[in-house]
Amino acid sequence: MRVTLPFFNRPTLEVLEDLIGMVLVRKSSGSSATGIIVEAEAYRGEDDPASFAFRGRTKRSERLYGPPGRAFVYLTYGQHHMLNIITEREDFPAAVLIRAVEPREGIAMMVKRRKTDNLLQLCSGPAKLCQAFDIDLSLNGIQLYSPKSVLLIEERERPKNELAWRPRIGIREGKDRLWRAYVKDSPFVSYK
DNA sequence: TAAGGGATATGCT
DNA sequence: GCATATCCCTTAT
């Protein structure tokens, strides 16, 4: 599926699953960092106790109610940035948290930002990938489907001679809360 | 594997 | 004012 506005304006659990295997691109002064999304988590509706929207519209949850296809970046624990992708129609609060990516391009830059050369430690966590991709509050609200954007989601090119290139996706349903999708057997996911 | 520190925007009293 | 948060890292058992 092509990544344009309608891609994000759909039920969050569908977007969640489709985002797995897609490419996160961060452009910065000439070079760019890219990675394949291998783990993500859904937050949807005011009835989801894990969502910022659980207690209604506040300054913090406001962007969840905004138009789909934009980034919702915020700071937690005073030092870690989180990247969410807004889904569903305007006024319905929902998003997908990007939890882990498999680093592809710009790895040298990521190593520098993360201060580790362990590939498995580069982007295996929501705050880790933000650090590796230089994502902070300045990118809050940015459009993710414009080719001009410095942060965007792209469809992965189908590799030649590889028939079954789509990743094997696992879905976990939390007890009373979140849904998490991940690439089965990927060493780049955040949990052990 | 477990425990504790870090450092700040946000919401609640 | 105070408590808490979609977490990471270091240090200690």
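Computed from a prediction, not measured in an experiment: that's the story for all the values here. Chain letters run A, B, ... following the sequence lines, proteins first and then strands; every chain starts at 1.
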Of the candidate nucleotides [options], which contains the atom at the shortest distance from the side chain of [X]?
X      : options               : answer
A/R99  : B/dC12, C/dC7, C/dC8  : C/dC7
A/A127 : B/dG6, B/dT8, C/dC7   : C/dC7
A/P126 : C/dT6, B/dT10, C/dC8  : C/dC8
A/H80  : C/dC9, C/dC7, B/dC12  : C/dC7
A/R55  : B/dC12, C/dC8, B/dG11 : B/dC12
A/L75  : B/dC12, B/dG6, B/dT8  : B/dT8

Under-4.0 Å side-chain N/O to phosphate OP1/OP2 contact, [X] with [N]:
X     : N      : value
A/Y77 : C/dC8  : no
A/T58 : B/dG11 : yes
A/R57 : B/dT10 : no

(message) If we count only N and O atoms by modelled type, under 3.5 Å, do the side chains of A/D136 and A/S138 hold a donor and an acceptor together?
(response) yes
(request) Using atom types as modelled and distance alone, determine if a side-chain donor or acceptor of A/R113 lies under 3.5 Å from a backbone N or O of A/M110. (result)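 The answer is no, because no donor-acceptor pair under 3.5 Å joins these two groups.
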(request) Examine distances only and state if a side-chain atom of A/S61 and a backbone atom of A/T58 form a donor-acceptor pair shorter than 3.5 Å. (result)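 Confirmed, A/S61 side chain pairs with A/T58 backbone.
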Roughly, in whole Å, what's the span from [atom1] in [X] to [atom2] in [N]?
X      : N     : atom1 : atom2 : value
A/Q79  : C/dT4 : CD    : C1'   : 14 Å
A/L16  : C/dT6 : CG    : P     : 18 Å
A/K128 : C/dC8 : NZ    : P     : 6 Å

(message) In dot-bracket form, 5' to 3', how is DNA chain C paired? Count Watson-Crick and G-U wobble pairs only if both distances fall under 3.5 Å, and write | where the partner sits on another strand.
(response) |||||.||||||.
Establish, yes or no, whether the cationic atom of [X] lies under 6.0 Å from the six-membered ring centre of [Y] and within 45° of the ring axis.
X      : Y      : result
A/R10  : A/F7   : yes
A/R60  : A/F52  : yes
A/R172 : A/Y191 : yes

(request) Quote, to the nearest angstrom, the P distance that separates B/dG5 from C/dA3. (result) 16 Å
(message) Is the base of C/dT6 stacked against the aromatic ring of A/F52, taking ring centres under 5.5 Å apart and planes under 30° as the test?
(response)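 No; by the centre-distance and plane-angle rule, A/F52 does not count as stacking on C/dT6.
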(message) Classify the ring geometry of A/Y145 against A/F8: parallel below 30°, tilted from 30° to 60°, perpendicular beyond 60°.
(response)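 Answer is tilted, since the angle falls between 30° and 60°.
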